[in-house]
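The structure under discussion appears below in the form of structure tokens.
Every value quoted in this text rests on a predicted model; they were computed, and no experiment measured them. Below, chains carry the letters A, B, ... as their sequence lines are ordered, and counting in each starts from 1.
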Amino acid sequence: MRHEENITLAFLPEPLLAWYHENARDLPWRKTEDPYCIWVSEIMLQQTRVAAVLGYYARFLEAFPSVEALASAPEDRLMKLWEGLGYYSRAKNLQKAARIVAEMGAFPDTYEGLLALPGIGDYTASAIASAAFGRREAAVDGNVLRVVTRLTDCHDDILDPRTKRHVREQLQHVMPAESARVFNQATMELGATVCAPNGPPRCGECPVADFCLGRVRGTAETLPVKTPKKARRIEDKTVFLLLRGDRIALRRRPDDGLLAGLWEFPSVAGALDEKEAPAAVAALGFLPKAWKKKLFAKHIFTHVEWHMTGYTLEVEGDGPPDFVWVNRAALEEHAVPSAFARYYAEAIDHLP
DNA sequence: TAATCGTGGAG
DNA sequence: TCTCCAAGATT
């Protein structure tokens, strides 16, 4: 560890906390010390923007006000509440952990205890331990990594776990015991609003610009250093909106992998043209009656890209046993991911 | 270690 | 339209 870095970070807490006191956003999870509420917020906020979380957070706590309520919730209701928020294993791990906590009778109140719960890693364990229990545990997320690497002019790859460990160690040394609840929040707030991603830092508004090595040396805009990510692969799919009377076909995705356990319109691999599609429909056990529409849609995930060719048609026959047939009202009760948004809207258009 | 796992806002 | 990437965890 370089001596220089310690000196810089030692100056951080006082001006940072003063700035935070005047500039903190008014966020609902900052108004409570209830570990359950804080936990829910931290899981939702993983890789997800504050603006996207706010509505989900309010609806989720309304539906499941306690660990016990979450522990006993039906999975379909849980997934419907998480619909559109992404990273759906978070919701499943949340319920797994709720059942463990309910069984334990109390929320773990230490970093180690929290870390043992499903869906809680190093960052989240530290964040909850400090915000809910006042423990002196430095939480290192993307904001904190950006702030610290700029402050210390550190060019290590922030995707390397060793960099995170190093940053956490440095912060553990300077994090004030009497301000444990807000120090993490303040560092993240600075990274979210001033020392922000996507563009140059707003050093003119920064309370610690005076001793920021990245600013002094002119490297702040190039930090943090991050290894480039791999190119996305493209997957062609053909999606079928199968109409039968006032109903449409849905099927549940497998329990593992992408969009696990969510509902989708039936599809097959490959981009089928008008000549190939009828055979695929017949292979599913249907007799096509009327072809209504063809619709292309693209959806971009983090490292996969779906190119979807969609056909809307009326059919006869039951099809595979795992298909369920839903009317408009029932469709709206199922958790269908945003990847199918264009087809979802199309389905609604064709249902009475 | 490296790949996997969503979505949408911002530039 | 395209790229980046956000309060990460898991395997």
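A salt bridge is absent between A:E333 and A:K80: the closest approach of a Lys/Arg side-chain nitrogen to an acidic carboxylate oxygen does not fall below 4.0 angstrom. The existence of a salt bridge linking A:R251 and A:D322 is excluded, since no basic side-chain nitrogen approaches an acidic carboxylate oxygen closer than 4.0 Å.
Contact annotation: side chain of A:T48 to base of C:dG8, donor-acceptor pair absent below 3.5 Å.
Position along DNA chain B of the nearest nucleotide to A:G199 versus A:L85 favours A:L85 as the more 5'-ward residue.
Residue A:G119 is classed as a sugar-phosphate contact, given heavy-atom separations below 4.0 Å to backbone atoms only. Counting non-hydrogen atoms under 4.0 angstrom, A:I120 reaches the backbone sugars and phosphates but no base. Among the protein residues, A:W306 comes within range of no part of the nucleic acid, since none of its heavy atoms lies under 4.0 Å from any strand.
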Heteroatom pairs (N/O) under 3.5 angstrom, protein to nucleotides 1-5 of chain B:
unit_1 : atom_1 : unit_2 : atom_2 : d
B:dC5  : OP1    : A:L258 : N      : 3.1

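Residue A:K226 has its side chain nearest to C:dC5 when only C:dG8, C:dC5, B:dT7 are considered. Looking at the side chain of A:P337, the nearest of the listed nucleotides C:dA7, C:dC4, B:dT7 is B:dT7. Side chain of A:R25, nearest nucleotide from C:dC2, C:dA7, C:dC5: C:dA7.
Remark: the separation of the P atoms in C:dA7 and B:dG11 is 14 Å, to the nearest Å.
Going from atom CG of A:L94 over to atom CG of A:L78 covers 7.0 Å, rounded to the nearest 0.5 Å.
Of the residues A:F265, A:F286, A:W291, the one that meets the ring-ring contact (aromatic ring centres under 6.0 Å, His included) test with A:Y311 is A:W291.
When rounded to the nearest whole Å, the span between CZ of A:R165 and P of C:dA9 equals 14 Å. One atom, CD of A:E264, and another, P of B:dG6, lie 13 Å apart when rounded to the nearest Å.
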Would you give me the side-chain donor-acceptor pairs under 3.5 Å for residues 115-134 of chain A, sequence neighbours excluded?
unit_1 : atom_1 : unit_2 : atom_2 : d
A:D122 : OD1    : A:Y111 : OH     : 2.3
A:Y123 : OH     : A:E42  : OE1    : 2.8
A:T124 : OG1    : A:Q46  : NE2    : 3.0
A:S126 : OG     : A:D122 : O      : 3.0
A:S126 : OG     : A:A138 : O      : 3.3
A:S126 : OG     : A:R168 : NH1    : 3.1
A:S130 : OG     : A:S126 : O      : 3.1
A:S130 : OG     : A:A127 : O      : 3.0
A:S130 : OG     : A:N184 : ND2    : 2.9

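Aromatic pair A:Y56/A:W82: centroids not less than 6.0 angstrom apart.
Within the 4.0 Å cut-off from OP1 or OP2 of B:dT7, at least one side-chain nitrogen or oxygen of A:H299 is found. For C:dA7, neither phosphate oxygen OP1 nor OP2 lies less than 4.0 angstrom from any side-chain nitrogen or oxygen of A:T124.
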